[in-house]
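Encoded as C-alpha cells, here's the structure I'll be asking about.
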Amino acid sequence: MFIRPAPKSAKAQVKFLLTRAKGLAKALAERLGVSRRTVDCYSAGTTTTQQKRLRAALVEATESEWKPQVRAQVCAAAVTSRGMMVDVTAFFGFTCKGSSDDGRERQVATEVAPTYVKQILERQEAGATEKDLHPIVAEAITESYFTEWGTRAHGLRADFT
C-alpha cells in the first residue's frame, strides 16, 4: 500500500544496509556485531549457512531503515487531507424482513475519508488484527459508497461478518 517491500534475502539486506552506511563495511559490521569479513561474505552471497543472531539483526536493521520517512509522509497526508482508497471484494446480502434479494459478491473500490484513515492507522499501530478493523472499514465504506457521504440511503448500515 505505501511502498515496495523491504529486501528479504540476507544478501539484499546487507547490500541495502551498506548503501545506508555509505559503503563502509566496517561501520555496518560494528552495528550488526559481526566481523567485517562476515559482512563481505554476506554482500557477495558466498555464505551458505546463516547465523540466527545475525539474521535477526539484519531483519531488524533493514526494517528500521526501510523508507520510514516515506511511510510517515504518506500516512500523514492520508490522515489530514487525502484519505485513501479501499478495495474490497465482499458478499453483500440483505437482512431486512421480506426481502427477496439474494446476496451476491461485489468488488467495491471507494475513497475513505481521512477521519476513518486515522482510526484505521492508529489501531494498526496498536496491533489490531484485520478482523479488529472490520467495523471501522465497514462504517467507512457505508458512508462513502452506499450513502454517498450522507446524500442517500439514510440509516443504512453495513457489517463485515
Side-chain angles (χ1 to χ4, degrees), residues 1-92 103-146 158-161:
M1 179 173 123
F2 295 104
I3 53 176
R4 292 184 325 208
K8 298 292 180 208
S9 72
K11 180 180 177 181
Q13 289 173 334
V14 168
K15 285 190 172 198
F16 167 71
L17 292 170
L18 276 172
T19 60
R20 290 293 194 172
K22 298 181 177 138
L24 300 173
K26 183 178 179 182
L28 179 58
E30 288 175 7
R31 179 178 177 186
L32 297 174
V34 296
S35 69
R36 180 183 171 172
R37 175 131 172 81
T38 302
V39 171
D40 291 339
C41 288
Y42 271 78
S43 67
T46 58
T47 304
T48 56
T49 58
Q50 298 180 359
Q51 303 170 15
K52 288 182 182 179
R53 185 184 53 78
L54 177 57
R55 187 75 192 123
L58 281 173
V59 169
E60 183 181 330
T62 303
E63 292 295 328
S64 69
E65 293 280 333
W66 188 250
K67 299 188 180 187
Q69 300 88 3
V70 174
R71 181 178 172 87
Q73 288 171 355
V74 170
C75 288
V79 167
T80 56
S81 61
R82 193 172 67 205
M84 71 177 179
M85 290 294 292
V86 173
D87 189 0
V88 297
T89 301
F91 184 83
F92 291 102
R104 56 197 170 272
E105 190 174 284
R106 294 279 187 238
Q107 174 120 10
V108 175
T110 186
E111 207 170 299
V112 174
T115 55
Y116 292 111
V117 175
K118 182 178 181 181
Q119 291 176 32
I120 291 168
L121 293 176
E122 284 174 350
R123 291 194 183 169
Q124 272 184 332
E125 287 177 14
T129 64
E130 187 174 324
K131 192 171 186 169
D132 295 336
L133 298 173
H134 283 178
I136 300 169
V137 175
E139 186 178 334
I141 290 172
T142 301
E143 183 178 321
S144 65
Y145 184 78
F146 293 111
D159 295 319
F160 280 6
T161 57

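All figures in this text were calculated on a predicted structure; none of them were measured in a lab. Note: hydrogens, waters and symmetry copies are ignored here, and every other heavy atom, side chains too, is used.
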* Taking all non-hydrogen atoms of both residues, which atom of Ser64 and which atom of Arg31 are closest, and how far apart? ->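 Nearest heavy atoms, Ser64 then Arg31: OG-NH2, 3.5 Å.
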Residues 36-46, side-chain donor-acceptor partners within the protein, below 3.5 Å, at least two apart:
from: Thr38; atom 1: OG1; to: Ser35; atom 2: OG; distance (Å): 2.9
from: Tyr42; atom 1: OH; to: Gln51; atom 2: N; distance (Å): 3.3
from: Ser43; atom 1: OG; to: Val39; atom 2: O; distance (Å): 3.3
from: Ser43; atom 1: OG; to: Asp40; atom 2: O; distance (Å): 3.0
from: Thr46; atom 1: OG1; to: Cys41; atom 2: O; distance (Å): 3.3

* Asked: Can you list every side chain to side chain donor-acceptor pair (under 3.5 Å) pair that touches residues 6-18, not counting sequence neighbours?
  ->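 Sorted pair list: Gln13-Arg55.
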* Could you list the residues that satisfy side chain to side chain contact (heavy atoms under 4.5 Å, CB included) with Val79, not counting sequence neighbours? =>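 Val117, Lys118, Leu121.
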* Atom CD of Gln107 with >12 non-hydrogen neighbours under 6.0 angstrom ->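 Correct, the count exceeds 12.
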* Is there a side-chain contact between Trp66 and Pro5, using heavy atoms and a 4.5 Å cut-off? ->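 With C-beta onward as the side chain, the pair stays apart.
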* To do: Would you mind reporting whether Ile136 and Arg123 have side-chain heavy atoms less than 4.5 Å apart?
  =>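 Side-chain contact under 4.5 Å: yes.
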* Derivation and outcome, side chain to side chain contact (heavy atoms under 4.5 Å, CB included), residues Met84 and Val74 -> CA-CA 10 Å; Met84 71 177 179; Val74 170; over 6 Å; no
* Partners meeting ring-ring contact (aromatic ring centres under 6.0 Å, His included) with Tyr116 (sequence neighbours left out) ->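 For Tyr116 there are no ring-ring contact (aromatic ring centres under 6.0 Å, His included) partners, ignoring immediate neighbours.
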* Asked: Can you list the steps and then say if Glu122 with Glu125 is a side chain to side chain contact (heavy atoms under 4.5 Å, CB included)?
  -> CA-CA 5 Å; Glu122 284 174 350; Glu125 287 177 14; 5.8 Å; no
* Side chain of Thr62, backbone of Val59: donor and acceptor closer than 3.5 Å? ->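 It does not hold such a pair.
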* Roughly how far, to the nearest 0.5 Å, is the CD1 atom of Ile141 from the CD atom of Glu111? ->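 Glu111 CD to Ile141 CD1: 13.0 Å, rounded to 0.5 Å.
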Could you list the donor-acceptor pairs under 3.5 angstrom formed between side-chain atoms of residues 18-28 and any protein atom two or more places apart in sequence or on another chain?
from: Thr19; atom 1: OG1; to: Phe16; atom 2: O; distance (Å): 2.4
from: Arg20; atom 1: NH2; to: Glu65; atom 2: O; distance (Å): 3.0

* For Lys52, side chain to side chain contact (heavy atoms under 4.5 Å, CB included) partners two or more places apart ->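 For Lys52 there are no side chain to side chain contact (heavy atoms under 4.5 Å, CB included) partners, ignoring immediate neighbours.
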